[in-house]
Structure formats: structure tokens, C-alpha cells
Amino acid sequence: MGYHNQLFINNEYVDAKSGEKISVYNPHDSSLVADDIHAAGQADVDAAVAASRAAYKGEWSKWTPRQRSVAMNKLADLIEKHADEHRPWETKSMGQPTMFTQFVYNYSVSLIRYYAGWTDKVTGESYQSTPGSYQIVQYDPVGVCAGIGAWNASLVYFAMKGAPALAAGCTFIYKPSEKTPIGVMQLGDLIKEAGFPPGVIQIVNGDAKTGAMLASHMDINKISFTGSVFAGKKVQELAAKSNLKRVTLELGGKSPSLIFADADLENALVHHSQNFLFNSGQVCIASSRTFVHEDIAEGFVAELKVRFQQFAQASGQPLDEKTFLGPLADVKQFDRVMGFLEVGKKEAELVTGGVRRGDSGYYIEPTIFLNPKDDARIYREEIFGPVITIRTFKTEEEAIRLANDTSFGLAAYIFTASIGRALRVAKQIESGMVNINQASGVGGVELPFGGMKQSGLGREGGKQGLMQYLEMKTITINTAL
Ligand code: NAD
């Protein structure tokens, strides 16, 4: 299996008609990874959509649920089999340490297998409440679907959007992030080998322009987007202005973590150091806004500082299996986070970090800011890097108020020994996901994942994720005839 740099349309690797190419650089040392990655223009997107529509109406529509399930399981097996060949592309393209790419690939394979089990379990409802009439509600595939992914776990977004789409009987076009297209682009051979008919799964690369072409396309029925709030709003706007395609949005976060005085401190420390620094803090659900009860704050911050400094020592070449902390994804991401560090030094007390690590590659020292001002940018905006802000609180009410004082609502974390308090507080938190006594983030593939407020729209994962790819149809039968 070689290196593929072309678009994957209608089960073939093809050159982009646009003639445009994307370059990717290794954030570990700025070396060139590839400068020949084909980027889709309008004609390419149109070709993919036409093939997707033809497949949706053609052979794919005649497949039984069982056949879809077999092909999906085969694809999962093939991705697993070739994972060690493909994973290094993520590491080279965005610096994700090898130990995490393993997690990303395993999780993606689990998602595909989970949804492969759903193909023959979509049921409907029937009603006989109106005399002379029998009513059926059935669930049909939504049609041609597109997915747009962020770069921090490219394959997870392919699977989280594509697998429920296929299970529902839809066809699927995926656009990976321009920062990390290569790993996903290698899937074409596996898609063919798994037996999917042409046009059922396609991959088009490109940046925001290509994403916008998908979001505004008149013949795409649904789009699922993972990325920033800014771009997510654009996608929804384009969807509304074109054909009102269905939209699912998985957007950013600034997730609060509340650590009460009765919490198991060692557990809280592990979750706010090791788990927070996973993927160099470039995780949408990172507990980046932490609130600690004032009675334990001093000791907690002092010990967290020690842990952050220890984890800084575990940074380095991300291809090395022992490396825990990689660089930030690229120069743009690095400049953005460095900008926040400079601003943050004026807005809060710097406990540790706050600077670049080393003088090559886009490494940043794990950073703790304490007591940010209420309107501080580092406290209000998503940084998406190894930077945590900590404030203290006195009462449960204050903790809840602080936690909810944000436009985001993706994840939240509660650390306490009291199950009563945990459930009481969880009920009042405005967030799509609440974790108690853990900040390890991602739950099982069977669980809904997504946010409230400006963190998103709809859910992915689990049965709820599948339902997003189905349209309800109400059929009424006159039983008098
Ligand atoms: P981004 O919004 O810059 O880009 C995400 C994707 O959208 C890329 O593929 C990009 O090419 C595309 N895009 C950008 N502008 C577009 C437009 N106008 N129309 C259509 N497509 C467009 O985000 P990013 O830097 O890749 O990822 C980081 C962000 O993603 C963070 O905010 C993070 O919190 C969020 N994220 C959310 C989740 C989640 O599940 N909620 C998961 C991971 C990342």
C-alpha cells in the first residue's frame, strides 16, 4: 500500500480538477511532510456529490442492512490491520504522540463496529388512536451526507459521522482538516476492499473553502461539522442559505471543573495534569477552567505545578513511544496559544510555564494561570493548548454560578466525595456532558457526545448519533377501504 495524495471519488483516487495542492509541515521540527496533497475545488465537490447521489439511489439502496453491517465491520477490521502504517501520518502532521494515535485509531474502529450493529435495529412506531385510520412512523435515511473534521483526532470524526450515516443507509463524503488530511486519505483502498459500492464513502480534501462548498451544496442533505464555534456558525449559515440541509455541530469548549474540599485530591490532581495535558491540551472537552474550593486551593495549585513541570520533561519527538507531550499542531496554532500566554500574563498570576519550550518545534511549556480577572481572555476564550486557568470558590452556589458563566457548554467536571452533591450540582450545570470524579473525557461509543449553548447542536455517538442521519416519515392509512 503506497502513499495516496489524491481525492477519493467513486472508489478511485483521482487528481483534483482544481489543480490546487495543500502542504503539511511537521510541527516537531518544521520539516515538510508533503506539498502535493490534492485540494478539492467546486468541480471536484460537484463530482463527489453526484457520485454520492447516484450511489444513494443506486446499488447502495438495494443493499440489505446485513450487507451494510458486513462491509462496515470489514472496514473496521482493515483500519485496525493497517493502523500502524497510517498512524504515523497523524504524528508527523500535527505532532500527536504515538501513544495517543493508538487511542484515536482504537476508538474509531470501535465506533464503526458499534454502528455496524445498528443497521438492522432501526424500528418505527405505529398508532391506532384515530378510528378508521392506522398510522406508521418510519425512519428513512436522510440521503447524501457530508462530514467536516477538526485535526486533533481526524479518524474519530470520520468514524463518528460516517459510521452512523452508513448504518442509516446514507452515503457519506468526508473532508478532513487541511492540517491532517494524509492519514484519512489512505483509507480509499480499504473502503474498496471492504466492498462498498462506488460513491458510498468518498474523501475530499481542502481547507475552509472546500468545507464551505460542502456546507452550501444544493444536493447534500445533511452536514456534520466538528471544529470551532466561528466556523460552525458559518456552516449553519451556509446550510440555511442553500437548501436548509440538516446540521450537526460539535464545537469548542471552555469546560469548567469544580473541585470541592472533600474531593479525593490525588485523583483530582491526576485528572488535571495527565488527563488535561493529553494531546497537549488540544482537546475540545479539556477542563481548562478549573475552580477549587478555597480551603484546599493553595495545596492543590502547588502540587499541580509540580506535576505540570514533571510532564514538561516528558515532551519530545512525538514518534517516540514514550513521549507524552508533543508540540502544538502547527505554526498557526502555536502563534495563537503564544498570543494567549502573553495576554494572560497581564490578566492573571502565572504559576508555571507561559513560554515556548526549547527553540525548535512548536512546543509550549504546560502553563497554569491563577485568579484570572473576570473578563480575562484566557478565562473566557478557548485556548486549545496546554494552558489551564484556576480560580477559587467559597460555596456550592458560587461554584455553579462560575461554571455556568460562559457561552460554552460542552463538558463539565465535578470532584467531590458526596454523591448527593455531585448529582445536585450536575443537574444545575449547563453542559452536554458532566463527569464526576474524572476528567478523562471521552465516554463509550454508545453514549451521546455533544454540547449545549454555543458548544454545538445535536449529538454524535450512541443511538442519538444514529437518529441524526434518519428522517421521520408519518404514513397514514385509511382502514375504511
Ligand atoms: P476550525 O473550525 O478552524 O476547522 C475545522 C474544520 O472546518 C476544518 O476541516 C476546516 O477546514 C473547516 N472549516 C473552516 N472554516 C470553514 C467554513 N467557513 N466552512 C466550512 N468548513 C470550514 O477548527 P480546528 O482548528 O480544526 O479545530 C479546533 C476546534 O475544534 C476547537 O474549537 C475545538 O474545541 C473544536 N473541536 C470540537 C470537538 C467536539 O466534538 N465538540 C472536537 C474536536 C475539536
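Taking both residues in full, the closest heavy atoms of Ala39 and Gly206 are given as CB-CA, 4.2 Å, listed atom of the first, atom of the second, then distance. Here the closest heavy-atom approach between residue Lys175 and residue Leu214 is recorded as CB-CD1, 3.8 Å. Closest approach of Leu328 to Ser280, counting heavy atoms only: CD2-CB, 3.9 Å. Shown here for Asn152 and Tyr157, the closest heavy-atom pair between the two residues is OD1-OH, 2.7 Å. Shown here for Ile414 and Ala426, the closest heavy-atom pair between the two residues is CD1-N, 3.6 Å. Gln317 and Tyr363 make their closest contact through N-OH, 3.9 Å (heavy atoms, listed as atom of the first residue, atom of the second, distance).
With a 6.0 Å cutoff to the six-membered ring centre and a 45° limit on the axis angle, Lys222 counts as a cation-pi contact of Tyr469. A cation-pi geometry, defined here as NZ or CZ lying under 6.0 Å from the six-membered ring centre and within 45° of its normal, holds between Arg289 and Tyr379.
Without hydrogens or angle criteria, Arg356 side chain to Gly354 main chain gives no donor-acceptor distance under 3.5 Å. With Ser315 contributing its side chain and Ala312 its backbone, the two residues share a donor-acceptor pair below 3.5 Å. In this structure, the side chain of Gln464 does not engage the main chain of Glu460 through any donor-acceptor pair within 3.5 Å. With hydrogens and angles disregarded, a donor-acceptor distance shorter than 3.5 Å links the side chain of Thr98 to the backbone of Pro318. The main-chain N or O of Thr248 is never found under 3.5 Å from a side-chain atom of Arg459 such that the two would form a donor-acceptor pair. No donor-acceptor distance shorter than 3.5 angstrom exists from the side chain of Ser177 to the backbone of Ala150, with no hydrogens or angles considered. A donor-acceptor pair is defined here as one N or O able to donate and one able to accept, closer than 3.5 Å; no such pair exists between the side chain of Gln438 and the backbone of Asn267. Judged purely by atom type and a 3.5 angstrom limit, Ser108 uses its side chain to pair as donor or acceptor with the backbone of Val156. Side-chain atoms of Asn26 never come within 3.5 Å of backbone atoms of Gly361 as a donor-acceptor pair (strictly under, hydrogens ignored). Lys453 places a side-chain N or O within donor-acceptor distance of the main-chain N or O of Thr406, the cut-off being under 3.5 Å.
Counting heavy atoms of neighbouring residues, nucleotides and ligands inside a 6.0 Å radius, atom CD of Glu298 does not exceed 12 of them. With a 6.0 Å radius and a threshold of 12 heavy atoms from other residues, nucleotides or ligands, Lys345 has its NZ atom above the threshold. Glu342 CD: more than 12 foreign heavy atoms inside a 6.0 Å radius.
Using a 4.5 Å heavy-atom threshold, the side chains of Gln333 and Trp151 count as touching. Residues Leu325 and Pro97 form no side-chain contact, since every pair of their non-hydrogen atoms from C-beta on lies 4.5 Å or further apart. Contact annotation: the side chain of Phe449 approaches that of Met160 to within less than 4.5 Å [non-hydrogen atoms, C-beta and beyond]. Side-chain contact between Tyr25 and Asp330 is absent, with no heavy-atom pair separated by less than 4.5 Å. Side chains of Asn5 and His38 form a contact here, defined as non-hydrogen atoms less than 4.5 Å apart. The side-chain heavy atoms of Phe158 and Leu187, taken from C-beta on, include a pair separated by under 4.5 Å. Between Thr367 and Phe308 the shortest side-chain heavy-atom distance does not fall below 4.5 Å. Taking the side chain as every heavy atom from C-beta outward, Lys21 and Asp35 never approach each other to under 4.5 Å.
Using modelled atom types, one finds a donor on one side chain and an acceptor on the other under 3.5 Å when comparing Asn279 with Gln96. No side-chain N or O of Lys254 forms a donor-acceptor pair with one of Ser407 less than 3.5 Å apart. Side-chain contact, Tyr105 with His86: no donor N or O sits under 3.5 Å from an acceptor N or O. With no hydrogens or angles considered, a side-chain donor-acceptor pair links Arg87 and Thr101 at under 3.5 Å. Using modelled atom types and a 3.5 Å distance limit, the side chains of Asp29 and Ser360 yield no donor-acceptor pair. Using a 3.5 Å distance cut-off with no hydrogens or angles, the side chains of Ser93 and Thr180 do not pair a donor with an acceptor. For the 3.5 Å distance criterion, the side chains of Gln309 and Thr352 qualify, holding a donor opposite an acceptor.
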Apply salt bridge (Lys or Arg N to Asp or Glu O under 4.0 Å) to residues Glu397 and Arg401 and explain how you reach the verdict. CA-CA 6 Å; Glu397 293 68 33; Arg401 184 180 56 73; over 6 Å; no

Decide yes or no on side chain to side chain contact (heavy atoms under 4.5 Å, CB included) for Glu20 and Asp207, but give the supporting numbers first.
CA-CA 11 Å; Glu20 285 183 32; Asp207 57 15; 5.8 Å; no

Checklist entry - Glu80 and Arg113: salt bridge (Lys or Arg N to Asp or Glu O under 4.0 Å), yes or no, with the steps? => result CA-CA 11 Å; Glu80 192 169 53; Arg113 288 189 178 134; 2.7 Å; yes

- Message: Please determine whether side chain to side chain contact (heavy atoms under 4.5 Å, CB included) holds for the pair Leu166 and Ile201, giving the CA-CA distance in whole Å, both sets of side-chain angles, and the decisive distance to 0.1 Å.
- Response: CA-CA 9 Å; Leu166 299 170; Ile201 310 176; 3.6 Å; yes

### Message
Between Thr416 and Arg421, does the side-chain hydrogen bond (donor to acceptor under 3.5 Å, both in side chains) criterion hold? Intermediate values first, please.
### Response
CA-CA 7 Å; Thr416 176; Arg421 189 209 313 269; 3.2 Å; yes

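Using cut-offs of 30° and 60° for the angle between ring planes, the Tyr362 and Phe334 rings count as tilted. Using the six-membered ring where Trp is involved, Tyr114 and Trp118 have ring planes that are perpendicular, over 60° apart on the 30 and 60° scheme. Ring planes of Phe311 and Phe324: tilted class, angle from 30 to 60°.
Here CG of Asn106 is found 11.5 Å from CD1 of Ile79. Values are rounded to the nearest 0.5 Å. Separation of atoms OG1 (Thr210) and CD1 (Ile148) is listed at 9.0 Å; rounding is to 0.5 Å. Between the CD1 atom in Ile182 and the NE2 atom in His4 there is a gap of 12.5 Å [rounded to 0.5 Å]. Between the CD atom of Glu349 and the CD1 atom of Ile390 there is a distance of 10.5 Å, given to the nearest 0.5 Å. With rounding to the nearest 0.5 angstrom, the OG atom of Ser23 is 8.0 Å from the CG atom of Asp36. Going from atom CZ of Phe8 over to atom CG of Leu190 covers 9.0 Å, rounded to the nearest 0.5 Å.
In summary, Glu471 and Arg246 engage in a salt bridge, as defined by a charged side-chain N under 4.0 Å from a carboxylate O. For Glu347 and Arg380, the salt-bridge test fails: no basic side-chain N is under 4.0 Å from an acidic carboxylate O. One finds no salt bridge joining Asp375 and Lys373 here, because no Lys/Arg side-chain nitrogen approaches an Asp/Glu carboxylate oxygen to under 4.0 Å. Between Arg377 and Glu381 a salt bridge is recorded (basic side-chain N to carboxylate O distance below 4.0 Å).
Between His272 and Tyr413, the ring center distance fails the sub-6.0 Å criterion.
Pairs passing the side-chain hydrogen bond (donor to acceptor under 3.5 Å, both in side chains) check and including a residue from residues 231-242, sequence neighbours excluded, read Lys233-Gln454, Glu237-Lys241, Ser242-Lys245. Judged as a ring-ring contact (aromatic ring centres under 6.0 Å, His included), the pairs with a partner in residues 385-408 (not counting sequence neighbours) are, in order, Phe260-Phe393, His293-Phe393.
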